S.K.: 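For reference, the structure I am asking about is given below.
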Amino acid sequence: MKKLVLLLASAVPLGVNCAYLLEAWRSSRLDQFDWIFYLLTVPAVAVALRKEKLGKCDFTALFLLLPMLAGALTTAYHQINALGVATAVLTIYAAFWLLFSWQSAALLLPAAVIMLLGTPSSSYAVSLVLMVPVYAAWGIKFLLAAGCLLWIWGNWKFAWRIKKSTVVFTAAVLGSSCLLLHTGEIYFEGKSLVPEFAAHVGEFWGRDIQVDENTRRFFVTSQVRQYRYTKVNIDISVLAVQCGSDIHEIHPASHCLRTSRWTVNSENIYYLQDNFAVTEIDAQKGRNRYLVWVWYSSEKFSTPGFLGFRRHFRPGGKYYTYQIAIPVYSELEKSRNELQNFVRALKGKAEL
């Protein structure tokens with residue numbers, strides 16, 4: 001009975017996140033199917049533990065339980081809701097491992113993986129890490145869930161058992177691989193670029209564009225401006241945001257494009273010089289194709305990617321994010337050159 005009470009107590013952090021989960025499933029196009037994974041977890045757990053005799057306490061689980069519990073309980077501080085949900089799920093799993101042994105926890109591992117697949121923003125994360133469209137990320141997640149169900153069946157039919165060392169090694173390899181893929185984005189700190197968008201920028205002439213009500217409602221705590229610059233047949237649009245206190249108002253540009261049903265053909269870090277880089281996104285919807293440059297900046301540094309910006313963001317700081325977009329005309333390189341000319345003009349005498 002005591003073990004059951006402790007296990008139920010481990011689910012409290014996930015319960016705290018229920019409102020966020022429901023809102024994400026209701027309002028986010030990328031997360032609208034993730035409730036299915038939570039639903040699948042119920043029969044997965046039932047089958048995994050069918051006729052299984054639960055073991056005794058295994059205090060090795062504390063190496064997982066303590067950091068996961070810390071991550072789940074400090075969501076208000078780090079403000080990464082998806083991380084709060086994932087660590088809350090792993091808190092339950094680690095508590096089960098602690099109370100009922102690794103032998104029992106090994107049977108439950110595929111069910112825990114299925115539940116983790118329901119974490120909000122996981123579809124975007126899979127899309128970003130593997131550099132595939134969101135619909136492909138959905139397919140990958142459901143294939144993983146199917147693989148986990150097959151794993152549960154194999155545990156039951158053939159008495160498969162996975163070792164702790166195998167799980168630790170696999171997790172370390174996957175985590176290190178993901179980190180290596182995005183190290184350049186996360187840790188790059190370039191020269192600050194907080195430009196003034198004057199009426200005349202180099203060869204480009206521009207004007208303010210009235211921000212629509214939907215955009216203003218989204219950026220509740222932030223200051224948002226939009227501009228349009230032209231030069232002969234060249235047309236450049238600018239979104240400039242001075243970030244407010246709520247990090248959740250700021251999303252990766254490719255995330256916003258995908259939720260608006262744009263296809264992201266490519267997304268890469270593009271270095272204009274050694275100490276300044278942008279995220280370059282080639283996106284298309286129907287016949288419309290745009291090249292988008294994005295960077296994030298403070299008065300002291302700039303970073304090309306959202307993960308790098310997220311690493312530095314602190315409520316109350318002064319941060320900016322910029323998105324400049326140009327139609328892809330005959331060739332991608334021509335549009336890229338025009339964006340480079342525009343940013344060079346923004347920088348004034350600095351050579352980019």
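For this chain, numbers begin at 1 and follow the sequence in order. When reading the values below, keep in mind they use all heavy atoms of this one structure, side chains included, and skip hydrogens, waters and symmetry mates. Everything numeric in this text was worked out from a predicted model, so none of it was measured.
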S.K.: How close do Leu49 and Ser104 get, counting heavy atoms only, and between which atoms?
M.R.: CD2-O, 4.2 Å
S.K.: With a 4.5 Å heavy-atom cut-off, do Arg289 and Leu332 have their side chains touching?
M.R.: yes
S.K.: May I ask whether Ile209 and Ile236 are part of the same hydrophobic cluster, defined by side-chain heavy atoms of I, L, V, M, F, W, Y residues being less than 4.5 angstrom apart, directly or through others?
M.R.: no
S.K.: Find out whether Ile324 and Tyr229 are in side-chain contact, i.e. whether some heavy atom of one side chain is under 4.5 Å from a heavy atom of the other.
M.R.: no
S.K.: Within a reach of under 6.0 Å around CG of Asn288, are more than 12 heavy atoms found that belong to other residues, nucleotides or ligands?
M.R.: yes
S.K.: Just wondering, more than 12 heavy atoms not from Glu299 lying within 6.0 Å of its CD?
M.R.: yes
S.K.: Would you say CZ of Phe63 has more than 12 non-hydrogen atoms from neighbouring residues, nucleotides or ligands within 6.0 angstrom?
M.R.: no
S.K.: Does the plane of the ring in Phe342 sit parallel, tilted or perpendicular to the ring in Phe197? Use 30° and 60° as the thresholds.
M.R.: parallel
S.K.: For residues Ala145 and Ile114, report the shortest heavy-atom separation together with the two atoms involved.
M.R.: O-CD1, 4.0 Å
S.K.: How many angstroms lie between CG in Leu98 and OG1 in Thr91, if you round to the nearest 0.5 Å?
M.R.: 12.0 Å
S.K.: Just checking Trp25: does its CH2 atom have more than 12 heavy atoms from other residues, nucleotides or ligands closer to it than 6.0 angstrom?
M.R.: yes
S.K.: Can you say whether the rings of Tyr322 and Tyr320 are parallel (under 30°), tilted (30 to 60°) or perpendicular (over 60°)?
M.R.: parallel
S.K.: Any chance you could measure Arg216, atom CZ, to Gln210, atom CD, to the nearest 0.5 Å?
M.R.: 7.0 Å
S.K.: For Phe313 and Tyr319, take the angle between the two ring planes, folded into 0 to 90°, and tell me which bin it lands in: parallel under 30, tilted 30 to 60, perpendicular over 60.
M.R.: tilted
S.K.: Could you label the plane-to-plane angle of the Phe276 and Trp295 rings as parallel, tilted or perpendicular, counting under 30° as parallel and over 60° as perpendicular?
M.R.: perpendicular
S.K.: How long is the gap from CZ on Arg336 to OH on Tyr270, to the nearest 0.5 Å?
M.R.: 5.5 Å
S.K.: Would you find a donor on one side and an acceptor on the other, under 3.5 Å apart, between the side chain of Asn17 and the backbone of Tyr20?
M.R.: no
S.K.: Between Ser123 and Ala137, is there a donor-acceptor pair closer than 3.5 Å when you use the side chain of the first and the backbone of the second?
M.R.: no
S.K.: Could you tell me which non-hydrogen atom of Pro120 sits nearest to which non-hydrogen atom of Asp34, and how far apart they are?
M.R.: CA-OD2, 4.3 Å
S.K.: Main chain of Pro327, side chain of Ser335: is a donor-acceptor contact present, judged purely on distance under 3.5 Å?
M.R.: yes
S.K.: Determine, stepwise, if the pair Val343 / Leu193 fulfils side chain to side chain contact (heavy atoms under 4.5 Å, CB included).
M.R.: CA-CA 10 Å; Val343 175; Leu193 176 54; 4.1 Å; yes
S.K.: Is any side-chain heavy atom of Phe37 less than 4.5 Å from a side-chain heavy atom of Leu144?
M.R.: no
S.K.: Do the side chains of Gln32 and Trp138 get nearer than 4.5 Å, heavy atoms only?
M.R.: yes
S.K.: Can a donor-acceptor pair be found, under 3.5 Å and without considering hydrogens, that links the side chain of Ser297 to the backbone of Ser192?
M.R.: no
S.K.: Between Gln242 (side chain only) and Gly244 (backbone N and O only), is there a donor and an acceptor less than 3.5 Å apart?
M.R.: no
S.K.: Are Leu7 and Phe100 close enough, and set up right, to give a side chain to side chain contact (heavy atoms under 4.5 Å, CB included), and what steps lead you there?
M.R.: CA-CA 10 Å; Leu7 187 61; Phe100 300 111; 4.3 Å; yes
S.K.: With a 4.5 Å cut-off on side-chain heavy atoms, are Val294 and Phe306 touching?
M.R.: no
S.K.: Taking a hydrophobic cluster as the set of Ile, Leu, Val, Met, Phe, Trp and Tyr residues connected by side-chain heavy atoms closer than 4.5 Å, whether directly or through intermediates, do Leu239 and Leu257 fall within one such cluster?
M.R.: yes
S.K.: Which atom names give the shortest non-hydrogen contact between Tyr227 and Ala240, and what distance separates them?
M.R.: CE1-CB, 4.3 Å
S.K.: Closest approach of Phe309 and Cys243, non-hydrogen atoms and distance?
M.R.: CZ-SG, 3.9 Å
S.K.: Taking side chain as C-beta onward, heavy atoms only, is Leu116 less than 4.5 Å from Leu90?
M.R.: yes
S.K.: How many angstroms lie between atom CG of Leu339 and atom CH2 of Trp293, to the nearest 0.5 angstrom?
M.R.: 5.0 Å
S.K.: Which atom pair, heavy atoms only, marks the closest approach of Ser302 to Lys191?
M.R.: OG-O, 2.8 Å
S.K.: Could you walk me through whether Lys3 and Leu6 pass the side chain to side chain contact (heavy atoms under 4.5 Å, CB included) check?
M.R.: CA-CA 5 Å; Lys3 287 188 175 183; Leu6 290 173; 5.6 Å; no
S.K.: When rounded to the nearest 0.5 angstrom, what distance separates CG in Leu107 from CD in Gln103?
M.R.: 7.0 Å
S.K.: Would you please indicate yes or no on a ring centroid separation below 6.0 angstrom for Phe188 and Tyr271?
M.R.: yes
S.K.: When you measure from the side chain of Lys231 to the backbone of Glu203, do you find a donor-acceptor pair of N or O atoms at a distance under 3.5 Å?
M.R.: no
S.K.: Would Leu62 end up clustered with Leu69 when hydrophobic side chains under 4.5 Å apart are linked, directly or stepwise?
M.R.: no
S.K.: Could you tell me whether the side chain of Thr60 reaches within less than 4.5 Å of the side chain of Trp97, counting heavy atoms only?
M.R.: yes
S.K.: Short question: side chain of Ser222, backbone of Phe219 - any donor-acceptor pair under 3.5 Å?
M.R.: no
S.K.: Output yes when a side-chain donor or acceptor of Thr279 lies under 3.5 Å from a complementary backbone atom of Pro304, and no otherwise.
M.R.: yes
S.K.: Going only through I, L, V, M, F, W and Y residues with side-chain contacts under 4.5 Å, is there a path from Trp151 to Trp156?
M.R.: yes
S.K.: Nearest 0.5 Å please: distance from the OG1 atom of Thr230 over to the CZ atom of Arg207.
M.R.: 8.5 Å
S.K.: When clusters are formed by joining ILVMFWY residues with side-chain heavy atoms under 4.5 Å apart, either directly or through shared neighbours, do Leu39 and Leu14 land in the same one?
M.R.: yes
S.K.: Could you check Met115 against Val45 for side chain to side chain contact (heavy atoms under 4.5 Å, CB included), going step by step and ending with a plain yes or no?
M.R.: CA-CA 10 Å; Met115 198 168 184; Val45 170; over 6 Å; no
S.K.: Counting neighbours of CG on Asp212 that are heavy atoms of other residues, nucleotides or ligands and sit closer than 6.0 Å, is the number greater than 12?
M.R.: yes
S.K.: Quick check against the 3.5 Å criterion: does Thr170 have a side-chain atom that pairs as donor or acceptor with the backbone of Thr166?
M.R.: yes
